[in-house]
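Have a look at the structure below before the remarks.
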Number of protein chains: 2
Amino acid sequence: MDIFSTLQEEKARLSPSETRIADILLNDFEFAVNASIIELAEKADVSPPTVTRFCRRVGCESFSDFKVQLARTAYVGMRYLRPEPKSRDPGDVAQDIITKAQNALFLLHRSLDLAAIEQAAEKIAKAGMIYAFGSGGNSSMIASELQNRLFRFGLHVTASSDHGMQLMLAAAAKSTHVIVGSSFSGRNTELVRSFTLARETGVTTIALTQADSLVAKAADIVIPIDLAEGNNIFRPTSTRIAYLAAVDILASLVAYNIPQAAVTLRRIKQQLVAHRDGDDRQLLGD
Amino acid sequence: MDIFSTLQEEKARLSPSETRIADILLNDFEFAVNASIIELAEKADVSPPTVTRFCRRVGCESFSDFKVQLARTAYVGMRYLRPEPKSRDPGDVAQDIITKAQNALFLLHRSLDLAAIEQAAEKIAKAGMIYAFGSGGNSSMIASELQNRLFRFGLHVTASSDHGMQLMLAAAAKSTHVIVGSSFSGRNTELVRSFTLARETGVTTIALTQADSLVAKAADIVIPIDLAEGNNIFRPTSTRIAYLAAVDILASLVAYNIPQAAVTLRRIKQQLVAHRDGDDRQLLGD
DNA sequence: GATCCTTGCAAATTATTTTCGTGATAAGTT
DNA sequence: AACTTATCACGAAAATAATTTGCAAGGATC
């Protein structure tokens with residue numbers, strides 16, 4: 001799909017000359033996007049035709065197509081190749097974190113299952129009661145974020161990060177209710193238990209989790225969020241940013257499914273514009 | 001700086017032919033980045049030289065430079081020109097949200113005051129006790145995130161979203177302590193009061209907020225987070241993502257200032273790799 | 001009516017791609 | 001082991017295509 005991932009896949013199969021070209025891309029990216037085919041060829045100590053062939057090899061139509069692809073993916077993908085920040089220099093750390101966050105959003109957008117999200121939004125909009133479940137520092141934040149967003153549309157919602165409480169709520173839930181559960185790893189077996197229990201009484205269960213995971217298999221509707229685990233397991237913040245964005249999308253679609261939500265939101269907006277001297281709570285609107 | 005902003009500034013001064021070229025860029029961007037100068041010229045109904053002149057006019061060296069610039073800024077900037085999503089179609093909503101989030105990260109990275117963050121990180125790393133303050137759905141999340149991140153480095157930290165509690169904590173704080181307060185709007189007057197009170201006893205106060213705001217003026221160290229308000233006041237999630245990233249950077253730098261944090265984190269990582277069958281809580285590491 | 005700006009044409013320049021041939025390496029054959 | 005033969009990488013040069021420049025014509029403005 002994008003050049004850098006192709007490059008990583010093909011790396012082993014490249015010839016010496018092509019490897020030299022690849023090295024320039026990775027090391028002196030700035031030069032590569034601005035250079036002409038001749039300059040690039042000279043720097044890599046190869047002939048222009050070899051550069052053209054290289055471009056074709058990594059899946060581009062032509063050299064100019066290659067440059068466009070390069071420039072396009074660069075902003076997001078450039079540092080993706082360097083798994084760890086090079087130094088402890090604040091600038092590098094910041095760059096690394098921002099890039100990983102950008103990347104998480106980028107990957108999320110690519111792999112988003114819109115049909116599932118819309119289906120989930122419809123169910124949520126019609127639900128008599130919504131339970132947002134999630135445990136651990138990450139998923140519990142997602143659960144409370146869901147509560148935070150949904151109650152403003154006039155929906156009945158409660159969040160819980162307590163497994164015992166989740167089980168009780170799941171046991172008491174009715175068929176018109178919806179449970180939305182979040183699990184970054186997909187291996188939250190307690191959540192699986194709540195889902196299974198709830199489904200016995202016809203409760204709709206929605207999971208934000210990794211596709212094909214235990215949690216995914218236990219839910220009615222799965223909103224899969226699959227990010228390259230290697231890059232994120234030790235840096236959950238970027239994964240969390242992707243989850244937050246997914247919740248944002250879900251909540252927006254829920255709003256569109258509730259006629260009066262638009263009215264309420266418009267009123268909040270007008271309120272915000274008219275009265276701008278409160279504290280953070282004025283940022284309620286959306 | 002980037003092409004689209006130049007384009008917006010120059011728009012009024014463009015000639016009819018150049019306006020036609022600009023229109024193509026804005027309306028059929030995909031075509032524009034992939035087209036040759038001839039194709040673009042034909043579509044705009046002008047001659048190739050006019051396209052070259054147009055490129056110079058918007059600050060590029062040449063047509064190919066122009067294309068690279070275009071492709072480069074496009075990913076982040078493209079939809080920035082369209083302030084509102086075009087439709088309620090899930091794809092458009094998702095696109096809009098993701099783009100705004102990307103943009104928030106982009107703007108954050110540009111405007112980041114690294115010196116302030118590093119200064120804050122040093123203070124936090126040495127603090128006897130840390131208080132993370134924030135109110136409202138947004139800032140309270142940031143406060144608990146700070147707690148979440150910092151306690152793992154062996155630091156003493158507590159988060160509070162309650163104004164009354166914040167005041168009491170601030171009154172009881174000692175000069176070796178640090179208060180980190182978050183306010184998206186910068187107008188949280190209760191937080192200002194806590195800061196002012198705390199500074200009387202020499203407590204270091206750190207604010208994550210808008211530059212030159214009330215809260216910023218009341219703090220010792222300000223980590224300014226200024227995002228285009230117009231785009232974010234009604235859509236706080238993207239601003240929040242920027243705040244989360246800022247907290248991530250801050251926490252990473254704090255870790256580098258604590259020698260034993262590295263050891264602890266490494267142990268957590270090994271733990272994670274060895275034992276991969278728990279639930280979400282396994283994603284503790286960073 | 002003079003001047004300035006915009007624009008296109010055609011030529012010149014430059015960049016890119018194709019074609020073709022050489023040399024190297026590997027696999028099969030005598 | 002020595003000799004084909006196939007395959008591939010690569011570069012030189014030619015062919016092609018794209019881009020830029022110089023210049024002149026057409027319009028608008030003062």
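A, B, ... follow the sequence lines: proteins, then strands. Residue 1 opens every chain.
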Task: Sub-4.5 Å side-chain heavy-atom contact between A:Y243 and A:E145 - done: no

Task: Integer-rounded Å distance: C:dT14 P and B:D65 CG - done: 18 Å

Under 3.5 Å, which donor-acceptor pairs do the side chains of residues 41-50 of chain B form with other protein atoms, sequence neighbours left out?
{"residue": "B:K43", "atom": "NZ", "partner": "B:D28", "partner atom": "OD2", "Å": "3.1"}
{"residue": "B:S47", "atom": "OG", "partner": "B:T50", "partner atom": "OG1", "Å": "3.2"}

Open item on the list: Which label fits B:F54 and B:F66: parallel for a plane angle under 30°, tilted from 30 to 60°, or perpendicular past 60°?
Closed with: perpendicular

TODO: Quickly work out the B:I38 CD1 to C:dG8 C1' distance and round it to whole Å.
DONE: 14 Å

Open item on the list: I need the CD-C1' distance between A:E61 and C:dT17, as an integer number of Å.
Closed with: 13 Å

Open item on the list: If you count every heavy atom of other residues, nucleotides or ligands that lies below 6.0 Å from A:E61 atom CD, does the total exceed 12?
Closed with: no

Task: Whole angstrom value for the distance that separates P of C:dT16 from CZ of A:F63 - done: 5 Å

Open item on the list: Can you measure B:I21 atom CD1 to C:dT6 atom C1' for me and round it to whole angstrom units?
Closed with: 12 Å

Open item on the list: Looking at A:T52, I'd like to know whether one of its side-chain N or O atoms comes within less than 4.0 Å of OP1 or OP2 on C:dT16.
Closed with: no

- [ ] Would you indicate what A:S62 reaches in the nucleic acid, counting non-hydrogen atoms under 4.0 angstrom: base, sugar-phosphate, or nothing?
- [x] sugar-phosphate

Open item on the list: Checking contacts here: which listed nucleotide (C:dT17, C:dT16, C:dT7) is nearest the side-chain heavy atoms of A:R56?
Closed with: C:dT17

Open item on the list: Could you tell me the boundaries of the chain B footprint on DNA chain D, defined by atoms under 4.0 Å from its heavy atoms?
Closed with: D:dA18 to D:dT21

Task: Protein-nucleotide distance (B:R20, atom CZ; C:dT7, atom C1'), rounded to Å - done: 10 Å

TODO: Tell me what B:V51 touches on the nucleic acid: a base, only sugar-phosphate, or nothing, going by heavy atoms under 4.0 Å.
DONE: nothing

TODO: Nearest whole angstrom, please: distance from the C1' of C:dT16 to the CD1 of A:I37.
DONE: 6 Å

